[in-house]
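These notes are about the structure you will find just below.
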Amino acid sequence: MAANVLTVTSGKGGVGKTTTVANIAVALANDGKKVVCIDGDIGLRNLDVILGLENRIVYDIVDVVEGRCRIRQAMIRDKRFPELFLIPAAQTRDKNAVSPSDMIRLCDELRAEFDWIIIDSPAGIERGFKNSIAPADIIVIVTNPEMSAVRDADRVVGLIEAEEKKPPYLILNRIKQNMVQRGDMLSVADVYDLLRVEVIGIVPEDENTIIAANKGVPLAIEGKSRSGVAYRNIAKRLCGEQVPFMKLDVDTLWDKLMQIGKGN
Amino acid sequence: MIDAIIFIDMAESSLVQIKGIKEGLLVTFGEADWNVLSQSLYSQVEKQQAFFKGARFVVDVGDRSLKSREVGTLRDKLADLGVNLDTVLSTSAVTVNSAQLLGLATQLPVPVKRYPKSEAAADLASHALWIDKTLRSGARIEHAGNVVILGDVNSGAEVIAGGSIMVWGRVRGFVHAGKEGDNAVAICALDLHPTQLRIGELIAVSPPKTKDTAKPEMVKIVDGQLVAEPWKPI
């Protein structure tokens, strides 16, 4: 096995990086892939909470890098998926506790055993970001349909190009289709026109995301929610499957009546 | 400016010199292959790692052309040794461009008089800088001569030229032509909607954008005012 190292980053904070990592990881594990997530947000760790694993942390990534434990000891197995692991960040240190070459070494050690290594980058473009993209084979940028988030995404794309990484992919999170239709929100086409980065996922705004995050049960585990389906589609696209983008339009009652009228 | 020579290793002093300047530690190189020089720099820093820890380096590579991968490696290796690469100085436009794309400074606040200014500066200014990519937010390109860009200048990017600026693409960011006060220069683009545009001392902002207004335009100074006109074959 030779794992793909996938880094999820954004520039701006609060756009949904950690949620994206948790959901893609769960979706990939659900498809039978061996997955390990690494929380790169040292000092402000979150991924453990979203995955519902915070009470099982013994060792963290800084312990591994500084030689206080072996990688295996820091890996927390998700009981829902026997092939999904988390290497948590340290909460009591800062980003400088780990260097880009530490991250490359760590990932190289894990590559042989996994299909996917997913790194949750912190917000910003400083050390934590550099640590997270250093080992990346594939980089995914998460952004929201807001000018400030798109501007930060553009900055990050520029930095990734300067590092001579492969062109990144884009996930557009928190689309509210009724606002787009009113012309009050940037559309997918608008964001693509600004960034010119290949879109690999479009995730609609979904209240269930917050509920799921609080419960520590990523949406992609359950079958129903629209954003859960969107994340599962992203996981399939990352594995090279062609999956059409889901229809975002929220049907009004009138549309539904029309369809019934036409259909029958 | 240079107050003290901090470190000289007799064996390697001809390859790498490190001196204290106001902005940090200035690194200069002798004549050798870049790989040899950079390795020599790493080994010198490594030997006195405790001393160099947390230092800010200003690295002067002379006229060597370094790609952004090489500058990035230099930055990362030094970071591993606990040293911050702050500034890369060079007379090569390629190196300056690489460093700028990585977000490193390429000049000191007060320039060190490293070269007889006339020749080097005039030489750089006489060449146009050719950039065949989109400049994204945070990219800053500064060049003494004309700048030609095959790509867009996105919102948040900055292009500052001593001469004219020509963009085969869309301009949404900041563009400044004639930075030294040359008024006989122009800015032209296929779609010109900069956040702010300057020629010499004059400043303009774009009118609010309406749909379907993408047309090639050229801005020049006419009678002391910035004037935009359609950019057409003459």
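First the proteins, then the strands, lettered A, B, ... as listed; each starts at 1. What you see is a predicted model, and the numbers here were worked out from it, not measured in a lab.
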Next on the checklist: With a 3.5 Å distance limit and no angle check, can you tell me whether B/Arg136 reaches the backbone of A/Glu161 through a side-chain donor-acceptor pair?
Outcome noted: no

Item to check | Side chains of B/Ser155 and A/Arg151, donor plus acceptor under 3.5 Å | outcome: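 Present: a donor and an acceptor within the cut-off.
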
Next on the checklist: As an exercise: rank B/Gly156, B/Ala157, B/Gly72 by heavy-atom pairs under 4.5 Å with chain A and give me the winner.
Outcome noted: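 Ranked by contacts with chain A, first place is B/Gly156.
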
Checklist entry - Does B/Arg172 come within less than 4.0 Å of A/Asp154, counting only side-chain N to carboxylate O? => result no

Checklist outcome for this item: Cut-off 4.5 Å, heavy atoms of chain A, and the answer for B/Lys133 is side chain

Checklist entry - How many angstroms lie between atom CG of B/Asn154 and atom CG of A/Leu195, to the nearest 0.5 angstrom? => result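 B/Asn154 atom CG to A/Leu195 atom CG measures 7.5 Å (nearest 0.5 Å).
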
Checklist entry - Given a strict heavy-atom distance threshold of 4.5 Å, which part of A/Ile125 is in contact with chain B: side chain, backbone, both, or neither? => result neither

Item to check | Per-residue contact mode, A/Asn131 against chain B (heavy atom under 4.5 angstrom) | outcome: neither

Should we count [atom1] of [X] as having more than 12 external heavy atoms under 6.0 Å?
X: B/Arg56; atom1: CZ; result: no
X: A/Tyr169; atom1: OH; result: no
X: B/Trp168; atom1: CH2; result: no

Checklist entry - For the residue pair B/Ser68 and A/Ala162, what are the closest heavy atoms and their distance? => result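 The answer is OG-O, 3.0 Å.
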
Checklist entry - Looking at A/Arg155 and B/Ser137, what are the two nearest heavy atoms and their distance? => result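 Heavy-atom minimum between the residues: CD-O, 3.0 Å.
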
Next on the checklist: I'd like to know whether A/Asp193 forms a side-chain contact (heavy atoms from CB on, under 4.5 Å) with B/Arg170, so could you lay out the CA-CA distance, the side-chain angles of the two residues, the decisive distance to 0.1 Å, and finally the verdict.
Outcome noted: CA-CA 11 Å; A/Asp193 190 50; B/Arg170 305 179 294 185; 2.9 Å; yes

Checklist entry - Looking at side-chain heavy atoms only, is the closest gap between B/Asp80 and A/Pro100 below 4.5 Å? => result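 B/Asp80 reaches A/Pro100 side chain to side chain.
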
